[in-house]
2 protein chains.
Amino acid sequence: MARPRTSRTRERIQEAALELFAEQGVRQTSLRQIADRLSLTKPALYYHFASREELVASLLQPLTDDLDALLAEDEAAGDVDARELLGRYFDVSYRHRAVTGLMLRDLPTLSEFGVVERIVDWRRRLTTLLVGPDADVAARARAIVALGGLGDCLVLLADTPVDELRTAALDAACAALGHPAG
Amino acid sequence: MARPRTSRTRERIQEAALELFAEQGVRQTSLRQIADRLSLTKPALYYHFASREELVASLLQPLTDDLDALLAEDEAAGDVDARELLGRYFDVSYRHRAVTGLMLRDLPTLSEFGVVERIVDWRRRLTTLLVGPDADVAARARAIVALGGLGDCLVLLADTPVDELRTAALDAACAALGHPAG
DNA sequence: GTCTATAGGCCGATAGAC
DNA sequence: GTCTATCGGCCTATAGAC
């Protein structure tokens with residue numbers, strides 16, 4: 001039976017799940033804990049989500065959709081400035097920073113959702129955009145440090161005002177790429 | 001009853017566990033799977049390790065011991081060159097690269113072992129050694145990108161010969177720090 | 001939409017024979 | 001040192017009342 005795609009209770013379940021996933025990990029969080037936080041019972045969750053897997057996937061989707069769209073855009077644009085590209089990547093990651101944090105910290109759990117393959121693909125395409133398709137190890141290392149560093153800054157400097165954080169993270173990432181002036 | 005600290009079977013259990021943890025995550029791996037891979041049974045594992053937790057902790061200990069020792073040395077030395085410091089950090093992480101990979105990818109699971117607190121402490125002390133104790137956000141971002149990037153290179157360029165990998169990773173990390181020549 | 005009750009499975013861990 | 005057998009617990013998921 002078709003249930004509405006959004007409802008207040010459904011959103012509250014997603015919010016509580018995301019909080020608990022961030023606090024203690026995805027695999028370590030049971031449906032019972034999510035239900036308890038909302039003073040519901042487990043079967044109530046199953047009214048809104050067909051399975052635990054569907055709940056997790058519904059949390060990942062907005063970020064993956066935005067990243068796929070961003071990459072398709074930049075690949076179509078042809079000639080892209082590195083700092084602008086990294087800036088757009090930062091903005092998407094920041095907008096979904098709770099889920100971004102999950103993806104950085106909880107990879108083995110999320111591998112059941114094909115997340116690992118998608119992340120590997122994103123990084124491959126971003127690396128191609130940054131240092132070209134046939135880059136040597138040195139160039140690939142610079143791209144890895146730049147891209148990984150952006151994500152690490154998001155997580156580790158989470159309480160910094162976003163403007164300041166954005167500038168600092170982009171400066172460091174561009175320096176790693178070998179573009180000291182940006 | 002005191003069991004020997006090392007034995008061939010004990011080592012084989014640790015090797016099989018580390019393989020499975022790397023393949024599918026720590027929390028996703030049961031004692032039954034580890035026993036099956038060795039054609040043993042669960043109770044045989046309990047002869048060698050008092051609990052699942054003790055098995056995991058025994059895998060983490062060599063890396064944590066080496067990192068603690070390295071940091072104590074560098075903090076005592078006073079004046080340290082950034083590239084040399086990062087080089088020693090790379091060498092320890094590479095020597096224990098299987099466990100290093102676990103610590104980067106499986107943080108929520110390993111948080112039960114106090115690993116998160118230790119990693120946060122290591123990064124804080126390494127950051128202090130690299131950019132000083134009162135660094136601003138921009139400097140801390142550079143240190144985060146440099147340190148995180150080293151680990152990412154270890155994982156993502158795992159099939160690169162170590163000499164080449166070491167040079168490429170250190171070059172990129174030093175560039176992020178703002179020391180382009182090393 | 002939410003509940004009570006429960007099925008069915010895998011887990012970590014232990015008892016006790018060999 | 002390793003086995004068979006088993007315990008108690010928590011999990012995901014479902015049946016069916018309200």
Side-chain angles (χ1 to χ4, degrees), chain A residues 1-60 102 106 108-115, chain B residues 1-60 102 106 108-115:
Chain A
M1 195 203 25
R3 268 166 260 115
R5 268 157 259 168
T6 66
S7 75
R8 187 58 199 132
T9 302
R10 189 183 155 100
E11 286 165 16
R12 287 179 64 235
I13 293 169
Q14 290 173 317
E15 288 161 16
L18 195 49
E19 284 172 17
L20 283 162
F21 291 167
E23 287 169 22
Q24 58 185 18
V26 175
R27 188 63 148 66
Q28 285 78 2
T29 300
S30 68
L31 295 182
R32 178 157 178 359
Q33 289 176 293
I34 298 168
D36 281 355
R37 177 160 295 203
L38 299 170
S39 298
L40 289 175
T41 59
K42 280 191 288 174
L45 269 50
Y46 278 94
Y47 176 81
H48 296 277
F49 297 93
S51 67
R52 174 194 160 87
E53 198 168 344
E54 192 190 286
L55 166 57
V56 177
S58 79
L59 293 174
L60 304 180
L102 279 195
D106 227 338
T109 301
L110 299 179
S111 71
E112 302 160 26
F113 300 86
V115 162
Chain B
M1 194 202 27
R3 270 168 259 115
R5 269 156 258 170
T6 68
S7 76
R8 187 59 198 131
T9 301
R10 187 182 155 101
E11 285 166 16
R12 288 179 64 236
I13 293 169
Q14 291 173 316
E15 288 161 16
L18 196 49
E19 284 172 18
L20 284 162
F21 290 169
E23 287 168 22
Q24 58 184 18
V26 174
R27 189 60 148 68
Q28 285 78 1
T29 300
S30 68
L31 294 181
R32 183 173 189 320
Q33 288 176 296
I34 298 168
D36 281 355
R37 177 160 296 204
L38 300 170
S39 298
L40 288 175
T41 59
K42 277 192 291 174
L45 268 50
Y46 277 94
Y47 176 81
H48 297 277
F49 297 94
S51 68
R52 175 193 158 85
E53 198 168 342
E54 192 191 285
L55 166 58
V56 177
S58 80
L59 293 174
L60 304 180
L102 279 195
D106 228 339
T109 301
L110 298 178
S111 70
E112 302 161 27
F113 300 86
V115 162

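Convention: sequence-line order gives letters A, B, ...; per-chain numbering from 1.
One can place CZ of Arg52(A) at 8 Å from P of dA13(D), the figure rounded to the nearest angstrom. If you take CZ of Arg27(B) and C1' of dC10(D), they are 10 Å apart, rounded to a whole angstrom. Across the protein-nucleic acid pair, Gln24(A) atom CD and dC10(D) atom C1' stand 14 Å apart, rounded to whole Å. Following rounding to the nearest Å, Arg32(A) (CZ) and dT14(D) (P) show an atom-to-atom distance of 19 Å.
Judged by closest nucleotide on DNA chain D, Leu40(B) is the one of Leu40(B) and Gln28(A) placed further toward the 5' end. Nearest-nucleotide assignment on DNA chain D puts the 5′-proximal partner with Gln33(A), out of Pro43(A) and Gln33(A).
At distances below 3.5 Å, at least one donor-acceptor pair connects side-chain atoms of Gln33(B) with backbone N or O atoms of Ser30(B). No donor-acceptor distance shorter than 3.5 angstrom exists from the side chain of Arg27(A) to the backbone of Thr109(A), with no hydrogens or angles considered.
The residues Glu15(B) and Arg8(B) are annotated as salt-bridged, a charged nitrogen and a carboxylate oxygen being separated by less than 4.0 angstrom. Between Arg37(A) and Glu23(A) there is a salt bridge, since a side-chain N of the basic residue sits under 4.0 Å from a carboxylate O of the acidic one.
One finds the CD atom of Gln28(B) at 6.5 Å from the CG atom of Asp106(B) (value rounded to the nearest 0.5 Å).
Gly25(A) and Thr29(A) get closest at one heavy-atom pair: O-OG1, 2.8 Å.
As judged by a 4.0 angstrom heavy-atom cut-off over every strand, Thr41(B) is placed among the base-contacting residues.
In 5' to 3' order, the nucleotides of DNA chain C bounding all contacts with chain A (an atom under 4.0 Å from a heavy atom) are dG1(C) to dA5(C).
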